Amino acid sequence: MSSKSLFNTTLIKKDLKILSPILYINIIYLIFSYPFRYTQAIIQLKNTAFNFYSFENLKSSEIFIVGSFFSALIAFLCAIVLFANEKNKKTIEILSVAPFSRKQIYINKIITGLLVSIVPMIIIYMITYFIISTEPLLSSVLELQYFRFYMYVCVLISLVVFSYFIMVSMLFGSVISTFICGSIFAFLPLGFFLLLDGLVNIPEKLIDFSAKFTPMMAQAFSIIYRNTNIWSLLIYSIIFLLAGYFLFEMYKMEKNSEFLTFKWTEPVFKIGVFLCSAVLGANIMKVMLYDISRFETMNEILGFIVGGVLGYFIPKAIISRNKVA
């Protein structure tokens, strides 16, 4: 019998031990990138020979983009290690037969992932914000309102990446397949329409509409455009976490070693790969054969056939390779 409590220190300690290298790397990076950097700026302020140009660099968008990318990478690693890697090694099967419910396992892994990826970020951002706000000249240069916005965005982007790859981990049975397919899915449906736009003219409104439902674009817009509704990222996170939980409850543990965890995802995966491969092949052949043959339509048809053939046989071979009888 499993304990009814959703919070289990044994599960959290186990996962924290696994994620400890990622935690240390995250903390060290955050400390040197934020509190240390801005403390050094304050020390320079005390020096009458300080260079004001260096303070302008502190609010460069490149710093924020690199910071958000690193935080998203940490969140991705946490999700992959906690779920995809445990499924790949089948260690998650041991947990499922131990006195823990699937709900306990899932929730405590979520808590551990947040403790490693999100919580250190929030704490160090708050420390940094305090450092900046207590120095009038530094706060006027950096614009506290912009820094607050950046903090919100980075935290929410990390949360989206973490929850998204948790959901994707439930669909695939290995780390590699989760990484590759999850990265591709993150650019859909916009990516497919952009590929298609290379062959036929897709209405701009349709492309813009598809961008709103593309996880990666929602994050990109939030960091590039300051007037974006960043709370949409929180909605994405909740949806992904709920979807991940229901998928975790549904899938059979003996399917862990298979490429796809669910039978019903096979036709979806095959059709998706076929269409994307065929359209990509048509675009490639259109460019490659342009100097050889001016018949663009024939080039596109040839590329569509070649890409379609590859897109038909490759997913079948991948799925059947690790099929459990």
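Small disclaimer: the values here were computed from a predicted structure and weren't measured. Residues take their numbers from the sequence shown, with the count starting at 1.
- Using a 4.5 Å heavy-atom threshold, the side chains of S158 and S117 count as separate.
- Here the closest heavy-atom approach between residue C181 and residue F269 is recorded as SG-CE1, 3.9 Å.
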N283/L199 under side chain to side chain contact (heavy atoms under 4.5 Å, CB included): CA gap, chis, key distance, verdict: CA-CA 7 Å; N283 277 283; L199 303 178; 3.9 Å; yes
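- Rounded to the nearest 0.5 Å, atoms CD1 (I107) and OH (Y245) are 6.5 Å apart.
- Two residues are said to be in side-chain contact when any heavy atoms from C-beta on lie closer than 4.5 Å; I318 and V273 fail this criterion.
- A heavy-atom distance below 4.5 Å is not found between the side chains of E300 and V200.
- Using a 4.5 Å heavy-atom cutoff, the side chains of T178 and I80 are in contact.
- Here the closest heavy-atom approach between residue V116 and residue P120 is recorded as O-CG, 3.4 Å.
- The structure places CG of N201 at 10.0 Å from CG of L196, a figure rounded to the nearest 0.5 Å.
- Across every non-hydrogen atom of S177 and F259, the tightest pair is CB-CE1, 3.3 Å.
- Here CD1 of I25 is found 11.0 Å from CG of L19. Values are rounded to the nearest 0.5 Å.
- Taking all atoms of both residues into account, the shortest heavy-atom contact from S210 to T214 is O-OG1, 2.8 Å.
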Could you go through I105 and N8, starting from their C-alpha distance and side-chain angles, then the distance that decides it, and tell me whether this counts as side chain to side chain contact (heavy atoms under 4.5 Å, CB included)? CA-CA 9 Å; I105 297 171; N8 190 288; over 6 Å; no
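- Between the S68 side chain and the C154 main chain, no donor and acceptor come within less than 3.5 Å of each other.
- With values rounded to the nearest 0.5 angstrom, L280 atom CG is found 10.5 Å from M285 atom CE.
- Taken together through direct or relayed side-chain contacts under 4.5 Å among Ile, Leu, Val, Met, Phe, Trp and Tyr, I27 and F32 form parts of separate hydrophobic clusters.
- At least one side-chain heavy atom of L190 sits less than 4.5 Å from a side-chain heavy atom of I207.
- In this structure, T134 contributes its side chain and I131 its backbone to a donor-acceptor pair below 3.5 Å.
- Looking only at distances, a side-chain donor or acceptor of D197 sits under 3.5 Å from a matching main-chain atom of I202.
- Nearest heavy atom pair, residue A72 against residue V161, reads O-CG1, 3.4 Å.
- Linking Ile, Leu, Val, Met, Phe, Trp and Tyr whenever their side-chain heavy atoms come within less than 4.5 Å leaves Y24 and I123 in two separate clusters.
- Looking only at side-chain heavy atoms (C-beta outward), V155 and L159 stay at 4.5 Å or farther from each other.
- More than 12 heavy-atom neighbours from other residues, nucleotides or ligands sit within 6.0 angstrom of OH on Y29.
- At distances below 3.5 Å, not a single donor-acceptor pair connects side-chain atoms of Y106 with backbone N or O atoms of E249.
- In this structure the side chain of V160 never reaches within 4.5 angstrom of the side chain of I157, judged on heavy atoms.
- Atom CZ of F179 has 12 or fewer heavy atoms from other residues, nucleotides or ligands within 6.0 Å.
- For the pair F240 and I166, the minimum side-chain heavy-atom distance is 4.5 Å or more.
- Side-chain contact, K87 with T261: a donor N or O sits under 3.5 Å from an acceptor N or O.
- In this structure, I122 is a member of the same hydrophobic cluster as Y125, with clusters built from ILVMFWY side-chain heavy atoms closer than 4.5 Å.
- Among the candidates M170, K109, M167, K103, the single residue satisfying the side-chain contact (heavy atoms from CB on, under 4.5 Å) test with F248 is M170.
- Under the 4.5 Å side-chain contact rule for hydrophobic residues, V168 and I239 do not share a cluster.
- Here M151 contributes atom CE and Y34 contributes atom OH; the two are 11.0 Å apart, rounded to the nearest 0.5 Å.
- Counting only distance, with no hydrogens or angles, the side chain of S277 and the backbone of F274 share no donor-acceptor pair below 3.5 Å.
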Does the pair I238 and I235 meet the rule for a side chain to side chain contact (heavy atoms under 4.5 Å, CB included), with working shown? CA-CA 5 Å; I238 295 173; I235 296 174; 5.8 Å; no
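- Summarising the local packing, CE of M126 is surrounded by 12 or fewer heavy atoms from other residues, nucleotides or ligands at distances under 6.0 Å.
- Ring-centre distance between F76 and F162: not below the 6.0 Å cut-off.
- By the 30° and 60° cut-offs, the orientation of the rings of F172 relative to F185 is tilted.
- Here CG of L275 is found 5.0 Å from CZ of F192. Values are rounded to the nearest 0.5 Å.
- Within 6.0 Å of atom CG in L242, more than 12 heavy atoms from other residues, nucleotides or ligands are found, so the atom counts as buried in its surroundings.
- A continuous path of ILVMFWY side-chain contacts below 4.5 Å connects I176 to L82, so both sit in one hydrophobic cluster.
- N26 places no side-chain N or O within 3.5 Å of a backbone atom of I22 that could act as its donor or acceptor partner.
- Panel note: side chain Y164, backbone A186; a donor-acceptor pair is recorded below 3.5 Å.
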